[in-house]
Amino acid sequence: MGFTAKKAYLVLYNAASAVAWLTVLGRVAATLAYKKNTFFVPLVVDHFARVTQSFAVMEILHALTGVVPAPVFTTLMQVASRLFLMYAVTLPFPHLNASAWYSSMLCAWATTEIIRYTYFVFKQFGSVPGALHWLRYSAFLVLYPIGISSEVAMTLKALFGPASGEGFVYSSWYPYALGAVLLSYIPGSVVLYGHMLKQRRKYLGGEVKKEKKRQ
């Protein structure tokens, strides 16, 4: 099969996404290197990171329509949790974004996505470098704990900070909503991490070796 319109779209989408996340990571790294203070990070990256993450709703559409063979449930969980941070935590409480947790969250997200989207670009051409293949199914072992810890920390800062304050117009119910989301992280993180471990075993472990032996 030749280079179809579907493949061209996926190359364009994944390449653009990789570049966007590389921009996020670059802005965070440059700001920290130059200013040496996380206070300045959201000033140069917050809006761009929110827009970049918002485009991830396309991942859900891709899974639903079969454009890519991705599980809908886990895709929905991952995208929804990030959009929650972007629109329910960092947007209404922008002063929290000066925290080191915000910077570590963006670094973990960006590094993960740069690897993932670059991998998908190469995959469309039928040849993925070995090192990139290994990173695709191994980097999460470090990046996922950093990312989810940062997400929980940011939500906790909102929950026990401005979200519960008398000056916040939604303080009567917003803390309960944040608390409910935090509780969902317990089963959600187990499901997502378990899915990634299963993928790692499939593509780097024994199942790949068995397949090679059959061939």
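Because the structure is a prediction, the values reported are computed rather than measured.
To the nearest 0.5 Å, atoms NZ (Lys157) and OG1 (Thr90) are separated by 13.5 Å. Atoms NZ and OG1, on Lys123 and Thr118 in that order, are 14.0 Å from each other to the nearest 0.5 Å. Summarising the geometry, atom CZ belonging to Arg50 is positioned 10.5 Å from atom CG belonging to Leu83; distances are rounded to the nearest 0.5 Å. Here the straight-line distance linking atom CD of Gln53 with atom OG of Ser17 works out to 10.0 Å at 0.5 Å rounding. Between atom CG of residue Leu106 and atom CD of residue Glu113 there is a gap of 11.5 Å, rounded to the nearest 0.5 Å.
The environment of CZ in Phe55 is sparse: at most 12 heavy-atom neighbours from other residues, nucleotides or ligands sit within 6.0 Å. For His47, the NE2 atom sits in a loose shell: 12 or fewer heavy atoms of surrounding residues, nucleotides or ligands are nearer than 6.0 Å.
Outside the 6.0 Å centre-distance limit, the rings of Tyr34 and Phe40 are not counted as a close aromatic pair.
Residues Asp46 and Pro94 fail the side-chain proximity criterion, which asks for heavy atoms closer than 4.5 Å. Proximity of Asn97 to Met154: side-chain heavy atoms (C-beta onward) are separated by under 4.5 Å at one or more points. By the 4.5 Å heavy-atom criterion applied to side chains, Trp134 and Leu204 are counted as neighbours. With a 4.5 Å cut-off on side-chain heavy atoms, Ser184 and Met77 do not count as touching. You'll find the side chain of Phe122 reaches within 4.5 Å of the side chain of Pro129, heavy atoms only. Leu159 places none of its side-chain heavy atoms less than 4.5 Å from the side chain of Tyr174. The side-chain heavy atoms of Tyr119 and Arg116, taken from C-beta on, include no pair separated by under 4.5 Å. Using a 4.5 Å heavy-atom cutoff, the side chains of Gln124 and Tyr9 are not in contact.
Cluster membership check: Leu25 shares its hydrophobic cluster with Tyr144, using side-chain heavy-atom separations under 4.5 Å among Ile, Leu, Val, Met, Phe, Trp and Tyr. Taking hydrophobic clusters as Ile, Leu, Val, Met, Phe, Trp and Tyr residues chained together by side-chain heavy-atom distances below 4.5 Å, Met196 shares a cluster with Met105. In the hydrophobic clustering of this structure, Leu143 does not group with Met86; members are Ile, Leu, Val, Met, Phe, Trp, Tyr whose side-chain heavy atoms approach within less than 4.5 Å, directly or through other members. Under the 4.5 Å side-chain heavy-atom criterion for ILVMFWY residues, a single connected hydrophobic cluster contains both Val41 and Leu91. Tyr176 and Phe93 fall into different hydrophobic clusters, where Ile, Leu, Val, Met, Phe, Trp and Tyr are joined by side-chain heavy atoms under 4.5 Å apart, directly or via other members.
Donor-acceptor pairing under 3.5 Å is recorded for the side chains of Trp109 and Glu151. Side chains of Ser164 and Ser171: no donor on one and acceptor on the other come within 3.5 Å. At a cut-off of 3.5 Å, with distance as the only test, a side-chain donor of Tyr13 or Glu59 sits close to an acceptor on the other residue.
Side chain of Ser138 to main chain of Leu135: no donor-acceptor pair is present (N/O by atom type, distance under 3.5 Å, no hydrogens or angles). For Ser104 (side chain) and Trp101 (main-chain N/O), a donor-acceptor pair under 3.5 Å exists by modelled atom type. When atom types are taken as modelled, the side chain of Lys7 and the backbone of Thr4 share no donor-acceptor pair closer than 3.5 angstrom. Side-chain atoms of Arg27 do not come within 3.5 Å of backbone N or O of Val45 as any donor-acceptor pair. Using a distance-only test at 3.5 Å, with no hydrogens or angles considered, no donor-acceptor pair links the side chain of Thr75 to the main chain of Ile60.
The shortest non-hydrogen separation linking Leu178 to Ala163 is CD1-CB, 3.7 Å. Val44 and Thr31 make their closest contact through CG2-OG1, 3.0 Å (heavy atoms, listed as atom of the first residue, atom of the second, distance). The nearest pair of heavy atoms linking Ala18 to Ile114 is O-CG1, 4.0 Å. Shown here for Pro71 and Thr74, the closest heavy-atom pair between the two residues is CG-OG1, 2.9 Å. The heavy-atom pair separating Tyr185 from Ser189 by the smallest distance is O-OG, 2.7 Å. Heavy atoms only, all atoms of each residue included: Ser99 and Thr38 are closest at C-OG1, 3.9 Å.
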**OP:** Take Leu141 and Leu197 through the test side-chain contact (heavy atoms from CB on, under 4.5 Å) and record every step on the way to the result.
**Re:** CA-CA 9 Å; Leu141 294 169; Leu197 286 173; 4.0 Å; yes
Original post:
For Tyr170 and Phe168, what are the C-alpha separation, side-chain angles and deciding distance, and is it a ring-ring contact (aromatic ring centres under 6.0 Å, His included)?
Top reply: CA-CA 6 Å; Tyr170 303 120; Phe168 184 53; 5.7 Å; yes
**OP:** Just do the side-chain contact (heavy atoms from CB on, under 4.5 Å) check on Leu10 and Phe120 with the steps written out, would you?
**Re:** CA-CA 8 Å; Leu10 289 174; Phe120 287 141; over 6 Å; no
Original post:
Should Phe84 and Thr155 be marked as a side-chain contact (heavy atoms from CB on, under 4.5 Å) after you check the CA-CA gap, both sets of side-chain angles, and the distance that decides it?
Top reply: CA-CA 10 Å; Phe84 161 76; Thr155 307; 3.7 Å; yes
**OP:** Under the side-chain contact (heavy atoms from CB on, under 4.5 Å) rule, what do Arg82 and Tyr87 come out as? Steps first, then yes or no, please.
**Re:** CA-CA 9 Å; Arg82 290 191 180 183; Tyr87 288 97; over 6 Å; no
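Using cut-offs of 30° and 60° on the angle between ring planes, the pair Tyr203 and Tyr137 is parallel.
When each of Leu12, Val128, Asn14, Leu132 is paired with Val121, the side chain to side chain contact (heavy atoms under 4.5 Å, CB included) condition holds for Asn14 and for no other.
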